[in-house]
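Only one structure is covered here, and it is reproduced in the block below.
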Amino acid sequence: MDENIKNNARRSDGEKKRKRKKSSVNNDTQKRETNVRESEAVKSSYSEKEKTAVFTAVKDTPRRGTASSTREMSFAEKELYNVNRQKSDRRFWARLASLAAIIPAYLVLLICAVVLPRSTVSNIEKRNLATMPEFSWEDYWSGKYTADVANYFDDTVPFRDSLKQAASRFSGLFGIKYNDVQVSGTMEVVNPKPKDEDKTTSSKTASAESSSTGGKYGDSIANGSDTDKDKKKKDSDTDAQKQQKGEEIAEGVYANGVIVVYQDGHYRAMSMYGGGSGDTYAVALNNFADDLPGVRVYSLVAPTASEFYTPENFSDYNASQEDDIIDINSKLQNVKGINVCQTLLSHKKETIYTRTDHHWMSLGAYYAAKEFADNAGVSFLDISQYTRLTKPDYVGTLYTFSGNNADLLNDPEDFIYFVPKKQDYKTEYYDYAFNYVYEGDMFADIQISSEYYSTFICGDAYSVKISTNVKNGRRCLIVKDSYGDAFVPFLTGSFEEIYVVDMRYFERNLVDFAKEMNITDLLFTCCSYSAVGTNADYLEGLRTSGITGGIGDASAEHEESTPTEESSQDEESSEPVEEQPTENEGETYGENDYYSDETGGETYGDDAGYNEW
């Protein structure tokens, strides 16, 4: 009996255990299914920020078994915690791998920067780079020494120009592009159009059409007189054309920014012209005419490329340089104003301006010099009397002004200039106080491509005297900015002596200098920016101040002196190489002759036609 009771009890206990186990399994299955559904719902409903917040909260929640434990994570929180932990781990290893790649590369660059030779000159920026400062305790305690050391290492990075050129490949990402035109700098409307004006009409076309019936403005402006035609054009100037100015960039002149356009298969950069009155320039020239009553005084303000090549849709940002030149000429008294705008316009399809530099090309200076010679009544050598030379891969100042535009860098141009075939002249170089330095060639052997414009009379580094075989008793003093450099070589067949001084750097009193040199013709020539900008301020100073008295070292005794080391080096340098004859061999340059350039399509000569933009 007792045994049966015990067996029944054991069976009952076993049955209960089986039921509890089965119930537990069913409960666990239901719980897992519930947790999975809950976890999926949580994952789908939480945003990334919420997941991160939950992860942070769960991570900071004390776990079971600690003294401060208050709760156990739910299954959903555990799932979310694991997901975020995996993401965090992946980010950690990705960062670690990046550091493993970057640190060695940085160390290599650091070693190269220390070991490799430092750059000393930047051909692109046209300047000498910083030098290591000399130590002094005063500079050290003031912080100047450490700042200069930092500037030295920053400014003289090895292969600086090469690195800048590589970086310029990305310059297309900067600036503003409008209708395929790259814009650098500030752009301001300076030439607003009337609301009822037909925007499809080109102002340049209208100017060309009006000129075809009446000759050149420069021929009609002398001694302060204007023709009715000039007055009408001058009166059309708006206040915005004369008052709006942009930022100062080159040679103390004003511009509204730089645009880079794609024209005729090449990129061209231009500084937008802001306009100006030119009153300071005109007053100074009138004063010179009063102080030198026996001297013929001329003004030739050269327009820049934006006068002829600015796209019509950007004409509102570019004031008329010809209008300003006419306005300046109307203010001159006893000074002959020469306007070369129409002459250059008729040759705009030729290479009269550089594409990558703010100067004109030698051929543009030739046409302007011819206009001056005609007004001065002197002989002038036809371009057939010159040899055409070319230097390749020229990228000038506008590359820098445009923010190192990659399109300009990758589209260099040929620098073309003309050398007299009959070199029957002597060129002497003087310092700014007109002390003799050496005798050399009129055309410098420039090897740095970005400096090719300094080929003419060594750029702006010297004052120059040129003695020719012309025996007409005419001695011309040229007061110029850098535009005048390319102008000078074309006058060797026009004057007996030519003196060239820079309006920004010459140190002598110009009135005394003109008298002592027995000057018969005084020409002021500069670009329009200089005429309306701050460069004109130098002229009155040249008239009223400067070194006075005799020209001590300009005497004839120096003509036979031994050349300086600089002169010897110049004489030993290689001569310019004349271009190899092409299929056009035998053709000549002349007023009625045509020349087909290797690049195609250009014609030289007064009868050469052009197509208006």
Side-chain angles (χ1 to χ4, degrees), residues 119-129 157 159-175 177 180-185 249-251 253 255 257-272 304-306 308-310 350-365 388-417 443-456 458-461 482-483 485-486 527 529 576-577 579 597-599 602:
S119 301
T120 58
V121 177
S122 173
N123 295 328
I124 293 178
E125 300 175 50
K126 298 185 177 182
R127 67 180 180 89
N128 293 322
L129 302 178
V157 175
F159 310 110
R160 177 188 176 88
D161 280 359
S162 298
L163 292 174
K164 288 180 69 70
Q165 289 177 349
S168 72
R169 300 295 193 274
F170 301 98
S171 65
L173 301 176
F174 303 96
K177 282 190 175 179
D180 296 326
V181 177
Q182 177 86 16
V183 180
S184 300
I249 53 170
E251 300 181 351
V253 300
V258 175
I259 66 172
V260 179
V261 300
Y262 189 73
Q263 296 174 337
D264 291 344
H266 292 284
Y267 287 96
R268 177 188 293 276
M270 293 171 285
S271 294
M272 295 290 94
T304 63
S306 63
F308 310 107
Y309 302 104
T310 298
E350 304 170 36
T351 309
I352 58 175
Y353 284 92
T354 61
R355 293 187 293 102
T356 65
D357 195 272
H358 68 285
H359 295 104
W360 52 12
M361 200 70 86
S362 180
L363 186 62
R388 183 180 186 270
L389 301 177
T390 299
K391 293 184 176 183
D393 300 326
Y394 180 48
V395 179
T397 55
L398 287 176
Y399 167 65
T400 302
F401 295 165
S402 63
N404 299 335
N405 185 277
D407 292 329
L408 293 179
L409 180 65
N410 297 327
D411 188 19
E413 59 185 318
D414 287 339
F415 183 79
I416 304 169
Y417 64 107
F443 300 90
D445 183 24
I446 304 298
Q447 299 296 324
I448 301 174
S449 60
S450 62
E451 299 280 356
Y452 281 165
Y453 190 79
S454 296
T455 295
F456 310 111
C458 293
D460 305 323
S482 58
Y483 259 65
D485 298 345
C527 71
Y529 291 107
V577 179
E579 291 181 295
D597 188 21
E598 295 175 15
T599 56
E602 290 186 352

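It should be emphasised that the depicted structure is a prediction, and the values quoted were computed from it without experimental measurement. Residue numbers count from 1 along this sequence.
- Residues satisfying the side-chain hydrogen bond (donor to acceptor under 3.5 Å, both in side chains) test with T455, not counting sequence neighbours, are K391.
- Under the side-chain hydrogen bond (donor to acceptor under 3.5 Å, both in side chains) criterion, S362 pairs with no residue at all, not counting sequence neighbours.
- Rounded to the nearest 0.5 angstrom, D445 CG and C458 SG are separated by 10.5 Å.
- Partners of Y453 by ring-ring contact (aromatic ring centres under 6.0 Å, His included), not counting sequence neighbours, listed by chain and number: H359, F456.
- Here the side chain of S306 pairs a donor or acceptor atom with the backbone of S271 at under 3.5 angstrom.
- Distance check, rounded to the nearest 0.5 Å: OH of Y353 to CZ of F308 gives 4.5 Å.
- Here CD1 of I352 is found 7.5 Å from CG of L363. Values are rounded to the nearest 0.5 Å.
- Note that CE of M361 is 12.5 Å distant from CD of E350, once rounded to the nearest 0.5 Å.
- In this structure, the side chain of D407 does not engage the main chain of Y267 through any donor-acceptor pair within 3.5 Å.
- Atom OG1 of T304 sits about 9.0 Å away from atom CE of M270, to the nearest 0.5 Å.
- Evaluation of the salt bridge (charged side-chain N to carboxylate O under 4.0 Å, His left out) rule for R268 yields no partner, not counting sequence neighbours.
- The nearest pair of heavy atoms linking D357 to G396 is OD2-CA, 3.4 Å.
- With rounding to the nearest 0.5 Å, the separation of OH in Y394 from OG1 in T356 is 5.5 Å.
- Proximity of a side-chain donor or acceptor of E451 to a complementary backbone N or O of I446 within less than 3.5 Å is not detected.
- Looking only at distances, a side-chain donor or acceptor of T397 sits under 3.5 Å from a matching main-chain atom of H358.
- The side-chain heavy atoms of Y399 and L409, taken from C-beta on, include a pair separated by under 4.5 Å.
- Here the closest non-hydrogen pair linking A269 and L408 is CB-CD1, 3.5 Å.
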